[in-house]
Amino acid sequence: MADSPRPARVRVAPSPTGDPHVGTAYMSLFDRALADKTGGQFILRIEDTDRNRYVADSEQQIFESLAWLGLEPDEGPHKGGPVGPYRQSERLPLYKEAAETLLKSGHAYKCFCTADRLATLRKIQQAEKSARMGYDGLCRGLSAEEVKAKEAAGEEYVVRLKMPREGDIKVEDLFRGTLSFKADEQQDAVMLKSDGFPTYHLANIVDDNAMGITHVIRAEEWIPSLPLHFELYRAFGWEPPVFAHMPLLRNKDKSKISKRKNPTSLLWYRDAGFLPEALKNFLGLMGFSLPNDQEIFSYREFLQHFDLAKVNIGGPIFDVQKLHWLNGEYIRALDPAEIEKRLVDYVKLLMHREVEFMDLPEDQLPTDQFLAEFEQKRRKRSRVLAQLAPQLMTSYEVNPALLLPIIPLIRERMHTLGEAADYLPMFFTDEFSYTPEDFVQKKGTLDDAKKALNAMREIVQIADFNDAEGAVKQMDELSRAKAEELNLKLGPFLGPVRMAITGSKVSPPLMESMLVLGKEETLKRVDNALRFLG
RNA sequence: GGCCCCUUCAUCUAAUGGUUAGGAUACCGCCCUUUCAAGGCGGCGAUACGGGUUCGAAUCCCGUAGGGGUCACCA
């Protein structure tokens with residue numbers, strides 16, 4: 001089925017109940033793409049009809065996260081637009097009126113059943129393992145007089161939709177074709193709660209209609225309420241939109257993605273140092289693919305090949321490990337100046353956010369091993385960078401050229417910006433906590449280490465640090481000669497030096513690092529180590 | 001449990017009746033190498049099962065199994 005030529009109006013409709021969700025971004029990507037492909041609009045609507053779950057800054061974070069990903073809506077609470085307001089809490093009269101309409105046309109009725117009765121009913125149904133669960137429609141048969149009497153007595157009520165009792169309800173899904181539901185298995189869902197607020201179902205349909213939504217792209221979990229939504233459109237006499245139920249993003253165990261088993265917050269991905277374009281690319285890989293096995297693509301390329309009908313509806317597992325790889329590819333594709341800019345912005349971000357992340361409870365750690373380890377490292381790195389930040393930023397402001405030479409040395413070692421924490425500190429501090437054993441190489445002695453350090457001291461003194469390329473070559477050649485003289489292989493010869501210079505057994509390339517540090521600092525670190533070893 | 005959806009390597013996916021079932025991640029090995037990476041090369045590895053239809057099935061049909069979603073005055 002081809003997309004209709006008319007411009008699509010699509011929407012994403014998150015509830016501001018917590019951190020901005022990766023599923024929201026996923027839907028937004030496909031919404032944005034369909035809108036762009038057809039020359040339509042992508043709308044953000046905040047569904048804040050549940051006052052109990054409302055989280056104050058959640059809405060702002062949704063705006064920011066979508067902006068971060070480059071998935072800006074054309075219309076929304078923060079953007080305005082012709083069919084606003086875009087916050088459901090500001091559209092309450094509309095829903096009341098709609099409920100009134102349904103009541104008048106006989107498509108809905110007032111239900112006075114108490115929460116108590118409903119709970120008891122549920123219990124009985126569960127105990128009997130009844131095939132028919134849910135509301136039994138007791139109040140559907142109330143006479144006008146009975147309704148009037150109960151209202152006069154001040155009894156609270158909800159408004160329920162009268163679902164058909166016979167036949168099948170058939171609804172089209174763009175991916176699945178005709179979906180068929182038995183009418184007698186549906187229940188009369190609540191439209192208006194007793195507090196006068198609409199339920200999701202009412203508000204959603206009223207707004208989609210009022211906002212001219214042509215395609216409802218939403219997650220698969222909504223399929224069970226599709227007959228209800230369809231009947232609502234019928235009750236109002238409105239033309240339903242195209243429904244496209246996207247696959248659900250999954251945890252490793254195939255269950256619906258959840259924060260207990262997988263990071264779901266877009267803020268988490270940003271704070272871990274994932275690039276927005278990489279995450280966006282990765283999301284585009286979920287249930288979709290480009291020709292010729294192309295896996296790395298810009299949004300522009302994605303759009304070029306985008307076709308909603310080509311979505312693969314098997315629920316994809318959100319594999320952070322593959323995202324990790326993809327993010328590394330993106331980092332390596334950036335030029336050093338750009339990486340530097342991202343890194344500086346990232347460090348600034350962490351300075352402000354570090355405190356919030358220090359002491360997350362243990363049970364919020366992802367369970368999967370890679371994730372658990374990744375999260376552990378992420379926190380550690382976040383801390384390292386945040387601690388380093390004041391010094392780094394001060395130096396950076398004093399000398400903007402400071403970071404740039406380091407970037408090429410660490411670029412292909414990073415998969416996330418956060419991993420810069422593994423390599424950056426050694427360029428800003430020479431206070432290392434090494435032990436004598438750290439200098440001793442396999443099959444080597446402490447004496448070998450000292451000899452290597454002394455040899456390197458001479459080499460560094462000879463080298464001309466003003467000629468970077470020449471110096472690296474020169475030091476390399478001299479090191480080889482010296483190593484041979486000491487009857488050592490190059491690796492073991494450089495081991496102690498690496499420890500002295502970088503404070504670690506693992507580091508960016510040694511000669512290049514020394515060059516960045518400068519001759520004076522390099523010699524100082526060698527001397528520090530020699531003094532330490534006695 | 002009822003209803004509904006889904007099913008190609010561990011994972012993301014390609015192949016819309018004819019392929020030795022392709023690519024990527026992960027993993028393993030080799031090469032490169034100054035540690036760690038990155039890179040290069042190679043390896044491992046899938047059509048859930050059973051019936052049809054057809055000359056021919058991953059692809060179409062039926063059944064089974066498995067997985068998932070959902071059954072609120074939450075969205």
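Computed from heavy atoms alone, side chains included, the values below leave out hydrogens, waters and symmetry copies. The sequence lines fix the lettering, A, B, ..., with proteins before strands; numbering per chain opens at 1.
Residues that satisfy the side chain to side chain contact (heavy atoms under 4.5 Å, CB included) test with T120(A), not counting sequence neighbours, are I124(A). Applying the side chain to side chain contact (heavy atoms under 4.5 Å, CB included) rule to H229(A) yields the partners Y200(A), H201(A), I205(A), R218(A), S225(A); only residues at least two apart in sequence or on another chain are considered. With sequence neighbours excluded, the residues that form a side chain to side chain contact (heavy atoms under 4.5 Å, CB included) with I462(A) are Q474(A), L478(A). Among residues two or more places apart in sequence or in another chain, the side-chain hydrogen bond (donor to acceptor under 3.5 Å, both in side chains) test is passed with R122(A) by none. Under the salt bridge (charged side-chain N to carboxylate O under 4.0 Å, His left out) criterion, E419(A) pairs with R381(A), sequence neighbours left out. In this structure, the side chain to side chain contact (heavy atoms under 4.5 Å, CB included) partners of V55(A), at least two apart in sequence or on a different chain, are D57(A), S58(A).
Evaluation of the ring pair (Phe, Tyr, Trp, His ring centres under 6.0 Å) test over residues 317-336 of chain A, restricted to residues two or more places apart or in two chains, returns Y269(A)-F318(A), F282(A)-F318(A), H324(A)-F370(A), H324(A)-F374(A), H324(A)-H415(A). Every pair passing ring pair (Phe, Tyr, Trp, His ring centres under 6.0 Å) that includes a residue from residues 155-188 of chain A is listed here, sequence neighbours excluded: F112(A)-Y157(A). Sorted by first and then second residue, the side chain to side chain donor-acceptor pair (under 3.5 Å) pairs with a member in residues 17-31 of chain A read D19(A)-S265(A); sequence neighbours excluded.
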Summarise how protein sits on nucleotides 5-13 of chain B as a single string, 5' to 3': B when a protein heavy atom is under 4.0 Å from the base, S for sugar-phosphate-only contact, - for no contact.
-> SS----SBS
Which atom pairs link the protein and nucleotides 57-65 of chain B when you take only N or O atoms and keep those under 3.5 Å?
none

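Near-neighbour residues of RNA chain B inside residues 486-505 of chain A, defined by a heavy atom below 4.0 Å, number-ordered: L490(A), L494(A), R498(A), K505(A).
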